[in-house]
Amino acid sequence: QETRDQGNIRVETRDRVGLITLDRPKALNALNKATMDELVAAATAFDADPGIGAVVITGSAKAFAAGADIKEMASQSYMDMYAADWFRHWEDLTRLRIPLVAAVSGYALGGGCELAMMCDLIIAADTARFGQPEIALGVLPGMGGTQRLTHAVGKATAMDMILTGRQLDAEEALRVRLVSRVVPADRLLEEALEVAGKIASASKPIAMLAKEAVTTAFETGLTHGVQIERRLFHSAFATEDQKEGMAAFVEKRTPDFRHR
Ligand code: HXC
């Protein structure tokens, strides 16, 4: 259970769970390039680590993240943005196969809301506030917000949030299905670690297949998705953990998954 301070984030492990905490309190965890590079690198390392089965990404009590770093972006030209392909690398987070749990307390605005939506499920503290305020800055969401928010909550709420900047509190976010659970703020981390721990107690390769299957529902149509699901289901039978899981059921004992 070690803690590594990487500058803008803290990285810890709790048994089979990786914990990444955004730690730029003076800027309400605004996501500058350095922070996102550290975050993507830490999550990528957990993805590759057979000893880690799920990752929690969290911020502070006041802010999960108050957006992309406005001060870093303010003077960029079109060519700067285009040449750097700004935000492309951040999308790498969504290509990871390990389940990602966002634990959101306080502000999740702009890129902060988009970062939460890049995770596989969101657990919100009752203090959480979700919003896409970019329109007030003369821009629009640029880290997948117009797409992932619309997929998650539908057109009516997405248009309302993106065109007016209206924020959702935790209860409304639950009602429109942006988040999976709402918990008291003082229990947020505990609950998120418990959910991630539950996921990490399963077979890692099987959890990765399940994540891939659900992600396919999000990204493609039903016919293709059902085909992918069947192939992934069949491939589960190539794992030792499928043998162990089913044998354990038959023998009325707890499975001992080896994550292979
Ligand atoms: C850079 C930020 C920041 C941001 C806050 N800060 N948000 N710096 N980028 N996104 C800095 C402030 O400048 C300030 O620094 C310090 O953090 C504390 O913030 P305050 O505003 O003083 O705090 P408070 O009054 O409590 O207000 C909190 C807030 C407000 C409502 C969250 O900070 C706010 O509106 N932030 C911007 C939210 C936003 O527009 N996000 C979208 C970003 S655009 P100093 O040095 O003054 O103390 C975006 C691009 C999308 O995400 C494209 C795709 C990613």
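As the structure lists them, so they are numbered: ligands from 1, and atoms in each ligand from 1.
No hydrogens or angles considered: a donor-acceptor pair under 3.5 Å links the side chains of N32 and T35. A donor-acceptor contact under 3.5 angstrom links the side chains of S77 and D80, judged on distance only.
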Name every donor-acceptor pair, under 3.5 Å, that has one atom in a side chain of residues 135-142 and the other anywhere in the protein, sequence neighbours excluded.
none

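For M159, the CE atom sits in a loose shell: 12 or fewer heavy atoms of surrounding residues, nucleotides or ligands are nearer than 6.0 Å.
For residues 199-230, every residue pair satisfying the ring pair (Phe, Tyr, Trp, His ring centres under 6.0 Å) rule, not counting sequence neighbours, is listed here: H151-F218.
Around ligand 1, the residues contributing at least one heavy atom under 4.0 Å from the ligand are K26, A27, L28, A30, K62, A66, G67, A68, D69, I70, K71, M73, F87, Y107, L109, G110, G111, E114, P133, E134, L137, L140, G142, M143.
Grouped by direct or indirect side-chain proximity (heavy atoms under 4.5 Å, Ile/Leu/Val/Met/Phe/Trp/Tyr only), L189 sits with V17, L19, V56, V101, L121, I123, V183, L188, L193, V195, I199.
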